Amino acid sequence: MTPAPPDPQRFVPRLHAVGRNIRLGIENLWLHKLRSLLTMLGIVFGVGSVIAMLSVGEGASRDALNRIRRLGSHNIILSSVKPIDESQDSQRRRTAAYGLTYDDVRRIREGIPSVRRLAPAKLLRKPARVGRRTMEIRLAGVTPDWFDLVRRERIAGRLLTAEDEGGVKNAAVLTEHVARTLLAAGAILGRHVGVDGQFLEVVGIIRGEPERGGGLQTPDRANDVYAPLAFVRTRFGDVDMQMKAGEYSREEVELHQCIVEIDRIEHVEPAAAAIGRMLAETHKHDDTRIQVPLALLREARETKRTFNIVLGSIACISLLVGGIGIMNIMLASVTERTREIGIRRAIGATRRHIVLQFITETIVLSTIGGLLGIGLGLLIPWLITRLAGLPTVITAWSVALSLVISVGVGLVFGIYPAARAARLDPIRALRHE
Amino acid sequence: MTPPSATGAPGPAALLAFEQVSKVYAMGDNRVHALRDVSFTVAPGEFCAVMGASGSGKSTLLNIMGCLDRPDAGRYTLDGRDVGALDDTRLSRLRLRRLGFIFQSFNLIPQLSVERNIELPLFYLGWDSAHSRARARELAARVGLDARLTHRPSELSGGQQQRVAIARALANDPAIILADEPTGNLDSATGEQILGLLQTLNGDGRTIIMVTHETDVGRYANHHIHMRDGRIARETP
C-alpha cells in the first residue's frame, strides 16, 4: 500500500513560504537580541549618516538655489567695477572714469534681439535727512522696469512710473527699513526726504531684502531709496566726489549696474557671452562685471552633485563595513546551526530552501538595521536644525534609497553564508556537535 | 510507479531493494569498505531491524536507504526508482515525500516549539499554516503530547522528545520510517514505550526500518539483517 500524498488543495503558492521565512528570521534574530543589535549597528549608522548628510546637503543647496532664483534665472546682472591698476596709480584729484555707460545700455538694447527688458541703475551713497533724523542711504536712480525685474512686495503707495521718469519728477520709493528709520511713526506718503540738497517726495514703500552674507548679493539693499533715473542723473550728475583718507577722490561713472532680462532661458548664456564681447570692444579696461545667476545655478547643482558623490562614497564604505559585519555573524550562525541545517535537509529541505532561509534572515537583519538607521537619519537633521540652525531637507528618495540599499546589503552579503549553509553535506551536518 | 528493474531480482512487491551495493570511504590514505556487495529487499509493511556492532556498516546502510547518500557501486531502488541516478534536489524531494527519520539524539530544532517541529515537513511540502497546525495537533495527540505543543524541546524529557520526533516523522505520511538507534539515549522503560509506539505504527501498515546494536531491541522486528564488516552476515527470515 502507498500512503496518499498530501491533498493538493493544501498546497499554496510559494509566496507564503517567504512570509514564514521572514517570521523564522525574526525569531532567530530575537533569540540573540544583543548580538543582532550589535551586528546591525554598521547598517544603522551607515544609513543614518547617509540620510542625515543628504538632508544637510539638500538643505544647503535648496537655500542656495532659492537665493539664486531670487536674482532671477532669466537675468544677467552687469556691474561697474573700478579697475585695479587705475586705483593704484594714486594720481590724486584726477577723475577716474569707468564702468557702464548709457551707450552700452543702448547698444545692448538694440544689438541683442533676445533682450526683453533692461533696468539700468545709478547707485550713489548719500546722506538722507528728514527733520532731525539722518541716515546713510543708497540712492538708486532706476527706471520703472527695475520693479519688474527685482520684484518686492509693495507695502504702501505706488511704484515709480514712466511719468516720473519722463517728467524727471522728484518721486521716491523707500524701503521699509529707510521709512522706519527716517519717518518713524508719522505719516509717510507725501513727506519729503532731503538727499544731498535735493528733496524727494515719498510716493511708495516696498519691502527690502534682508541683509545676508555670502557671495551672492541681490541687486537691492535694505537702505535703498529709489528715484527716477532721469532725476538722479540731472540733479547729481555722473561725477561723484568723496572724501577718502583726507583726500577728495572723483569718480565718473555713468551707470553702476544694469539688469538685463532675456526672453528665454536658453538664450541667457549666449546673450551673456554677446554682451561680454560687446563690452570688450568699447571698454579698454576691465571695468565691468557680468553675473549670470543661471550659471551660478548650474554651478550650485554641480557642487551638489560633487557633494553627493563624496557622501555616496562615504556611505558606500560604511555600508560595506556594515555588510561585512553582517556576513561575519551569519557565517558564525551557519556554523552554530549546522545541526539544524542537517535536520532540515534530512527532512527534505532542498538546497534552495536552505539558501532562501538564510538569505531571508540576513535581509531581515539588514532591513531592520536600515529602518533603525532611517529613524536615526530623521532624528539627526532635526537636531542639526534645532541646535545649529542649518537648513535641512529630508527627501523621500533618500529614505527610499536607504531602504533599498539595506535590503541590497542583506542580499549581497547573505549570499555567501547561505550558499555555505546549503553546501553542507546532510550526513556530516547531522553528526555535527 | 516505474516498472520493476529488468534484472528481475527485486520482486514487484519490494518497496526498496539493494542490489550489490558497495560504499567506500577514504580515511586518510586508507580506503574503508563500509559496504561490500550488499543485496536485500524490504517489502511494504515490514518491521525491519538492521543490527550489528559499531563499524559494521549499518549507519552507511541507513544513510543510503534514507537517500542521504548514494551507493558507489550497485543499485539502490526505492519505489522502483534508481536512487543513485537522482540529483541532490530530487533526493531531497524523495526524502520529503516518502521518508520519515527518527534519530538516536532526537534531532529536534531547539528554538522551535513542539508544534513547529512537527510542522517542519509540512512547511517544505508547502502546506499553509492552518492545515499544518491542525495536522501537528492531531499527530501530537497520537503520540500523547497534545498538552506540550508550545514547549521547547529542552523542556521535555528524552522519551517525550523522541515522541515529538516520531510525530514529525509521520507528518508527511511517509512510506518508510527510518529509525537510527531510537532507544539509544533512553532508559529501558522509556525505550520499551517508544518501541511499542513504533510497533503500533507498523501494525497500522507503516514500513519501519530500524538500525540498532542492541540485539534485544530486534525482537520487535519481523525481518532481521545482521551486518558484519560491511556484509550481511545473516538475514532472517
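Side chains are part of it too, since the values below use all heavy atoms of this structure and drop only hydrogens, waters and symmetry mates. Here the structure is a predicted model, which means the values were calculated and not measured. Proteins come first, then strands; the chains are lettered A, B, ... in the order of their sequence lines, and each starts at number 1.
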Would you please test B:Phe123 and A:His353 for side chain to side chain contact (heavy atoms under 4.5 Å, CB included) and show each step? CA-CA 10 Å; B:Phe123 170 62; A:His353 283 128; 5.6 Å; no
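Contacts between B:Leu108 and chain A at a heavy-atom distance below 4.5 Å involve the backbone alone (N, CA, C, O).
Side chains of A:Arg20 and B:Arg116 form no contact here, defined as non-hydrogen atoms less than 4.5 Å apart. B:Arg95 is not listed as a side-chain neighbour of A:Ile347, based on a closest heavy-atom distance of 4.5 Å or more. Side-chain contact check for B:Leu68 versus A:Leu430: some heavy-atom pair is nearer than 4.5 Å. Side-chain contact between B:Asp88 and A:Arg351: present, with at least one pair of heavy atoms (C-beta onward) separated by less than 4.5 Å. Contact check for B:Arg168 versus A:Ile343: side-chain heavy atoms found under the 4.5 Å cut-off.
B:Ser105 and A:Arg339 are linked by a side-chain donor-acceptor pair at a separation below 3.5 angstrom, with hydrogens and angles left out of the test. With no hydrogens or angles considered, a side-chain donor-acceptor pair links B:Ser92 and A:Arg345 at under 3.5 Å.
Contact record, A:Arg431 with B:Asn63: NH2-ND2, 3.7 Å, taken as the closest heavy-atom pair. Pairing each heavy atom of A:Ala346 with each of B:Phe103, the nearest pair is CB-CZ, 4.1 Å.
Residues of residues 24-32 of chain A having a heavy atom under 4.5 Å from any heavy atom of chain B, listed by number: A:Leu24, A:Glu27, A:Asn28, A:Leu31.
Contact count versus chain A (heavy atoms, under 4.5 Å) is highest, among B:Leu120, B:Ile109, B:Thr207, for B:Ile109.
By the neighbour-count criterion of 12 heavy atoms within 6.0 Å, atom CZ of B:Arg90 is sparsely surrounded, having that number or fewer from other residues, nucleotides or ligands.
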